[in-house]
Amino acid sequence: MNWLMNALSSSVGRKFVMALTGLFLCLFLVIHLAGNLLLYVGPETYGNYAHALHEQKAFLLLSQVLLYSAFLLHIFLAFRLTASNVTARFVSYRKKASKRDDRVVASVVAPEAWMFRSGAIVLLFLIVHLTDFKFEFGWGEVLAGQTPYGKAGVILRDFGRAIIYALGSVALGVHVSHGLASAFQSLGVSHPKYNGCVKWSSVAFGWIVAVGFASFPVIWALTAAPPSQTQPATHAQPASQVQPDAPHTHALPI
Amino acid sequence: MTNPAKKRLSLHLRIWRQSRTDEAGEFRDYQLQDISPDMSFLEMLDILNQQLIEQGEAPVAFDHDCREGICGTCGMMINGQAHGPDHETTTCQLHMRHFNDGDTIIIEPWRARAFPVLRDLIVNRSAFDRIIQAGGYVSIKTGQAPEGNANLIPQQHQEGSLDAAACIGCGACVAACKNASAMLFTAAKVSHFVQLPQGAPERTKRVLAMINQHDEEGFGACTNTSECEAACPAAVSVSHIARLNREYLKAMLTATD
Ligand code: HEM
Ligand code: FES
């Protein structure tokens, strides 16, 4: 297997791994977003989905191993690649300007110039996200005995968390808006007939990811009173849940 | 003459001056008057150098040879753009009509760890030569000139190969890339050979050896920003990088040594 390790540790080989792990993570994002959108259907549907998922022990174990390995590889190589890319320039320019005239935004703020920074923001967000939902770290007794829907509600209604989750989602959208199309090119999948469509889809995917994931903290924050207020009567439900003449009750099925 | 001559230009130049590789450099400011908009960029620098020589200052060193846009010797960063603001144009073919009276023009050498500055605006591009030496050749039978029709090559392969062969090795791709990657250059060489039957025997060895050399020289990896394509005076497309990636994938899986 020495040949494989050698070939994959070159500049092109590292990008293969970056692209493959990136695409796998994009697939995960699609599934994760689809699952999360069930939050809008209601506590029961979301709860059923969560329980059904957690009953698939073998599938869950396999997908977690794959997911964590993909993340670790992607992040490890992100640091390696970025470090060698920065040293390759050596002395920076006094002035630098793009020559691409199809640029929509200036090259310094373009998603492709932000891959490491947007990825790093996603990494910080991921750490918070995992400590919240997986390890329930730092929440004391608040999350104990909650349904999956209730747990999501408590976390998303925390103002600090809402901001972190919204920012993380936007950074992720920016990251994949370049990343998806870039992964195709890195793997050599390029054809004048389809390149336009791939680029366009990548940007659309970025928007879907950003708006889709950011919608949860934004909508929950807008429709609910701060969690410190424990009087149930003042809490509103998420917009899609509110029935015109139903009394406003606590969104958490406690 | 269809356009009326533009006003003659007064320019403010800010140029990188460095006497040797191992000495620190600095930007120095120069004033130029009465520059014709019909001059090329290098002719403008010639005027500056004449002025500097008369003042007893060392002239600005820059690379040039053909001054026709075909040799790839010239090249410098002009206001942050490789070969200046015009597209598909080398510095020697860039005309002063692209600038306005009173402009400040910042002129820097290509910046890359693999391209050490020799003097002022001249960088050492031997790294490109070593990438070519690593695999940019074909094995042929020497002797009599071969019969022209012995090797039939489909027209689209010829065209594809020639599109890649248009690369003049100027280094603008490296200069424009945020990672100082030479992927477009290396891809042009790989793509040039692989689309011709003569390039087939070394196909696997070539791409692995050239990428290995590329990395050893200290060039960065490709983030697919396409800045190289936009800066390339020969309009070499990033689709050649995609072909390089396919070649590398195939070579990685099938190489026997
Ligand atoms: C769910 C999370 C993530 C997804 C879906 C994702 C997806 C992708 C994709 C598809 C690419 C393009 C690969 C290519 O150009 O061939 C990419 C590149 C990149 N990712 Fe991520 N990524 C994620 C998280 C991260 C994290 C946490 C980091 C950490 C810093 C990161 C850093 C990078 C960097 C630096 C690149 C660009 C490498 C380069 O071309 O120079 N990513 N990502
Ligand atoms: S001097 Fe030959 S291309 Fe400019």
Side-chain angles (χ1 to χ4, degrees), chain A residues 3-16 18-20 77-78 80-103 107-108 110-116 178-192 195 199 202, chain B residues 14 16 25 27 77 79-83 85 87 106 108-109 111-117 172 174-181 183 186 207-208 211-212 214-215 218-227 229-232 237-239 241-253 255:
Chain A
W3 60 269
L4 188 63
M5 287 311 288
N6 278 344
L8 289 181
S9 53
S10 77
S11 53
V12 176
R14 282 179 184 168
K15 284 300 308 252
F16 286 163
M18 210 62 191
L20 287 173
L77 285 180
R80 291 292 297 269
L81 273 169
T82 308
S84 62
N85 289 347
V86 170
T87 43
R89 170 63 74 228
F90 205 48
V91 179
S92 52
Y93 289 108
R94 167 69 61 98
K95 186 172 179 189
K96 184 79 172 63
S98 175
K99 281 189 89 165
R100 272 179 57 182
D101 30 44
D102 59 339
R103 278 217 177 277
S107 52
V108 281
E112 63 263 34
W114 275 72
M115 289 310 273
F116 184 75
H178 170 72
L180 187 60
S182 175
F184 281 86
Q185 167 82 0
S186 296
L187 293 170
V189 184
S190 160
H191 192 286
N195 285 350
K199 285 220 174 94
S202 187
Chain B
R14 181 164 296 163
W16 181 258
F27 280 97
M77 217 61 175
N79 281 338
Q81 294 178 309
H83 292 299
H87 290 286
I106 299 176
E108 300 173 74
R111 295 289 189 196
R113 184 161 63 128
F115 285 170
V117 172
V174 175
C177 174
K178 76 177 180 70
N179 305 338
S181 172
M183 218 46 89
T186 310
V207 64
L208 295 175
I211 286 298
N212 183 41
H214 169 280
D215 294 355
F219 293 109
C222 178
T223 297
N224 300 319
T225 70
S226 299
E227 284 294 341
E229 176 185 274
C232 178
S237 148
V238 292
S239 66
I241 298 184
R243 181 176 285 107
L244 165 83
N245 293 339
R246 292 196 291 277
E247 283 302 310
Y248 190 90
L249 189 61
K250 260 183 257 170
M252 174 181 109
L253 297 174

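All values below were derived from every heavy atom in this structure, side-chain atoms included, with hydrogens, water molecules and symmetry-related copies excluded. A, B, ... follow the sequence lines: proteins, then strands. Residue 1 opens every chain.
Proximity of a side-chain donor or acceptor of A:N85 to a complementary backbone N or O of B:G220 within less than 3.5 Å is not detected. When atom types are taken as modelled, the side chain of B:Y248 and the backbone of A:A7 share a donor-acceptor pair closer than 3.5 angstrom. Looking at A:R89, its side chain does come within 3.5 Å of a backbone N or O of B:A175 through a donor-acceptor pair.
Applying the side chain to side chain contact (heavy atoms under 4.5 Å, CB included) test between A:V12 and each of B:T186, B:N245, B:L249 identifies B:N245 as the sole match.
Among the candidates A:S98, A:S107, A:P111, the residue making the largest number of heavy-atom pairs closer than 4.5 Å to chain B is A:S98. Taking chain A as the reference chain and counting heavy-atom pairs below 4.5 Å, the highest number among B:I211, B:V117, B:N179 is found for B:N179. Chain B forms the most heavy-atom pairs under 4.5 Å with one residue out of A:S182, A:P192, A:S190, A:A113, and that residue is A:S182. When each of A:L4, A:T87, A:V91 is checked for heavy-atom pairs under 4.5 Å with chain B, A:V91 comes out on top. For the set B:A176, B:P109, B:S181, the count of heavy-atom pairs under 4.5 angstrom toward chain A peaks at B:A176. Contacts with chain B were tallied for A:T82, A:L187, A:D101, A:L81; A:D101 has the most, counting heavy-atom pairs under 4.5 Å. Most heavy-atom pairs under 4.5 Å with chain A, from the set B:S226, B:A251, B:S237: that is B:S226.
Closest heavy-atom contact between B:R246 and A:G188: NH1-O, 2.7 Å. Considering every non-hydrogen atom in both B:T225 and A:R100, the closest pair reads O-NH1, 2.5 Å. Looking at every heavy atom in both residues, B:I241 comes nearest to A:Q185 through CB-NE2, 3.8 Å. Scanning all heavy atoms of the two residues, the minimum distance from A:S11 to B:H214 falls at OG-ND1, 3.9 Å.
Checked against ring pair (Phe, Tyr, Trp, His ring centres under 6.0 Å), A:H178 has no partners two or more places apart in sequence or in another chain.
For the atom pair OG of A:S10 and CG of B:D215, the computed distance is 5.5 Å after rounding to the nearest 0.5 Å. To the nearest 0.5 Å, the span separating CG on B:L253 from CH2 on A:W3 amounts to 5.5 Å. To the nearest 0.5 Å, atoms CD (B:E108) and NZ (A:K95) are separated by 10.0 Å. To the nearest 0.5 Å, atoms OG (B:S239) and CG (A:N195) are separated by 8.0 Å.
The number of heavy-atom neighbours closer than 6.0 Å to NZ of A:K199, taken from other residues, nucleotides and ligands shown, is 12 or below.
Residues B:N224 and A:S186 meet the side-chain proximity criterion, which asks for heavy atoms closer than 4.5 Å. Using a 4.5 Å heavy-atom cutoff, the side chains of A:E112 and B:K178 are not in contact. Proximity of B:Q81 to A:K96: side-chain heavy atoms (C-beta onward) are nowhere separated by under 4.5 Å.
In this structure, chain A has heavy atoms under 4.5 Å from both the backbone and the side chain of B:V238. When heavy atoms are compared at a cutoff of 4.5 Å, A:F16 approaches chain B solely by way of its side chain, counted from C-beta outward. Looking at B:F27, the atoms closer than 4.5 Å to chain A (heavy atoms on both sides) all sit in the side chain, from C-beta outward.
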I would like to know whether A:N6 and B:M252 meet side chain to side chain contact (heavy atoms under 4.5 Å, CB included); could you show each step before the answer? CA-CA 9 Å; A:N6 278 344; B:M252 174 181 109; over 6 Å; no
inquiry  = Could you go through A:S92 and B:R111, starting from their C-alpha distance and side-chain angles, then the distance that decides it, and tell me whether this counts as side chain to side chain contact (heavy atoms under 4.5 Å, CB included)?
reply    = CA-CA 7 Å; A:S92 52; B:R111 295 289 189 196; over 6 Å; no
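With respect to B:E227 and A:R103, a salt bridge is recorded, a charged nitrogen being found less than 4.0 Å from a carboxylate O.
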